[in-house]
There are 2 protein chains.
Amino acid sequence: MKEKKLTRSELKRAAIVEAASVEFQNKGFSLASMDDIAKRADVSKRTVYNHFPSKEALFSAIMLEMMEMLCAFESLPFRADESLASQLTQLVQHEIQLLSAKGFIDTARVIIAEAIHKPELIQDAMSEFSKQESPLANWFNQAIAAGALKAKDSEILVVQFTAVIKAYCFWPQLIQGEPLPSQAKLDEITQTVVEMIIKQYT
Amino acid sequence: MKEKKLTRSELKRAAIVEAASVEFQNKGFSLASMDDIAKRADVSKRTVYNHFPSKEALFSAIMLEMMEMLCAFESLPFRADESLASQLTQLVQHEIQLLSAKGFIDTARVIIAEAIHKPELIQDAMSEFSKQESPLANWFNQAIAAGALKAKDSEILVVQFTAVIKAYCFWPQLIQGEPLPSQAKLDEITQTVVEMIIKQYT
DNA sequence: TGTAAACTACACTAACTAGTTTACATCTGG
DNA sequence: CCAGATGTAAACTAGTTAGTGTAGTTTACA
């Protein structure tokens, strides 16, 4: 354990990881080249291969690093003493915040771009990714159990809830590179989603 | 105009188009190779170049062919003499039918795979693609104008309506290659969407 | 100042790419 | 049955790729 600063080697490694994630994001796994990654990292190609034995290994390392970045999904518990509207509003905002977190969309883009052409290679990444939704399922399950929402199970509720949010704050950004909607639009979306759940399930 | 059967040339051309669309679907534009396309079509590479001057031209020709296949969106008019529930049910079924049409998902996959890495090259294809939704907007606009639905405008309604359907019948199929839900599940989805619109907007 | 680890540039292999050329074969209409 | 259109294989250009090997240089540190 060297508490010093950062060894030269660590600096180089970080530069490689940074450059590689840009290249993979721009071009996808197959079209990104090790030469370009080395060039962008301002490092010799040999150094890249000293840190990572192959392109595959570099890609996996980056995927892992990206996935870890996203493990910050705290579960909001259902509270009987707070209004549904208020709690749902918080849930929507929480979800939007997650989707707009720096790196989330970029990570999702890399994963999905690869998934389109070889679904099997990233099953685990996809399942990790969809864990994002489990705290939501928890909240809805608790709300149903408490009788605050009337539904057989939470599955369709969670899908319905996230589908509308993603239609505005995920898919267009992922595929067309659109910016997030304005705050006014976000407020409108939030209100619509909250209203949708309350009117349909109480 | 030869009304005969199909000239040899036409047969070869069809084989090339068929093979190329498989290759483009599997690997995307850049990774699909003309050699592999020729091999799959059981045709010499020179013949491919006799029919299409370049890889780009072959790709465009296929895109065009695919897009034309999708121009079957008839507009259902709003009818004051029929129940909302019945009409909405028809709309959902119409939408699901469109999404499950042979080729729709495959076409969307090719377009979106390219869009992820170079959004500008296929703006027109994307806009063509989203025209799919305009008859829906028409119906909702008419329903609002007739006072059958209470909303400022149809925009958020259309998004909400399609978002839930796509969450079940488009995105999972496009990205993870999942099959369409069972008929029972489709019925449940239909019912949920119809209920959602009626409870929130009447 | 010496040493070892890490980095460097650069050349190289073997494979793949889009697209062209050549010389030959085969099908089709009249 | 033959002329002309069309298709064929295979070699070729010129470029890119992942990955390796080498010989020399920089850095950290004692």
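So you know, we letter chains A, B, ... as the sequences are listed, proteins then strands, and number each from 1.
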Practice task
On DNA chain D, check which nucleotide each of Asp36(A) and Val43(B) is closest to and give me the residue with the more 5' one.
Solution key: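 Residue closer to the 5' terminus by nearest nucleotide: Val43(B).
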Exercise for the section: For His51(A) and for Lys45(A), locate the closest nucleotide of DNA chain C by heavy-atom distance; then report the residue assigned to the nucleotide nearer the 5' terminus. Expected result: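 It is His51(A), whose closest nucleotide lies nearer the 5' terminus.
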Out of [options], whichever nucleotide has its closest atom nearest the side chain of [X]:
X: Ser9(A); options: dT8(D), dA6(C), dA18(C); value: dA6(C)
X: Tyr49(A); options: dT8(D), dG19(C), dA18(D); value: dA18(D)
X: Lys55(B); options: dT8(D), dG19(C), dG19(D); value: dG19(C)

What is the distance from [atom1] of [X] to [atom2] of [N], rounded to the nearest Å?
X: Glu56(B); N: dG19(C); atom1: CD; atom2: C1'; result: 13 Å
X: Arg46(B); N: dT21(C); atom1: CZ; atom2: P; result: 8 Å
X: Asp42(B); N: dA9(D); atom1: CG; atom2: C1'; result: 13 Å
X: Asn50(A); N: dT22(D); atom1: CG; atom2: P; result: 14 Å
X: Leu11(A); N: dT27(D); atom1: CG; atom2: P; result: 12 Å
X: Phe52(A); N: dA18(D); atom1: CZ; atom2: C1'; result: 16 Å
X: Glu10(A); N: dA5(C); atom1: CD; atom2: C1'; result: 14 Å

Between [Y] and [X], is there a side-chain donor-acceptor contact under 3.5 Å, judged purely by atom types and distance?
X: Asp187(A); Y: Gln183(A); answer: yes
X: Trp171(B); Y: Gln176(B); answer: no
X: Gln200(A); Y: Gln200(B); answer: no

Practice task
Could you tell me whether Arg79(A) atom CZ has more than 12 heavy atoms of other residues or ligands within 6.0 Å of it?
Solution key: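 It does not: Arg79(A) CZ has 12 such atoms or fewer within range.
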Problem - Sidechain N-carboxylate O distance under 4.0 Å for Glu155(B), Lys185(A) - result: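 Yes, this pair counts.
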Problem - Carboxylate-amine/guanidinium proximity below 4.0 Å for Lys55(A) and Glu23(A) - result: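 Salt bridge between Lys55(A) and Glu23(A), a charged N being under 4.0 Å from a carboxylate O: no.
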Handout entry: Minimum side-chain heavy-atom gap Phe161(A)-Phe140(A) below 4.5 Å
Key =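 Yes, close enough: below the 4.5 Å cut-off.
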Practice task
Look at the side-chain N and O atoms of Ser33(B) and state whether any lies under 4.0 Å from the OP1 or OP2 oxygen of dT17(C).
Solution key: yes
Practice task
May I ask you to evaluate whether Thr47(A) reaches the phosphate of dT8(C), defined as a side-chain N or O under 4.0 Å from OP1 or OP2?
Solution key: yes
Practice task
For dA28(D), give its Watson-Crick or G-U wobble partner with both distances under 3.5 Å, or none.
Solution key: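 The answer is dT3(C), by the H-bond criterion.
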Practice task
Return the residues of residues 12-32 of chain B meeting this criterion: a heavy atom under 4.0 Å from some atom of DNA chain D. Order them by number, or give none.
Solution key: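 Only Lys12(B) qualify.
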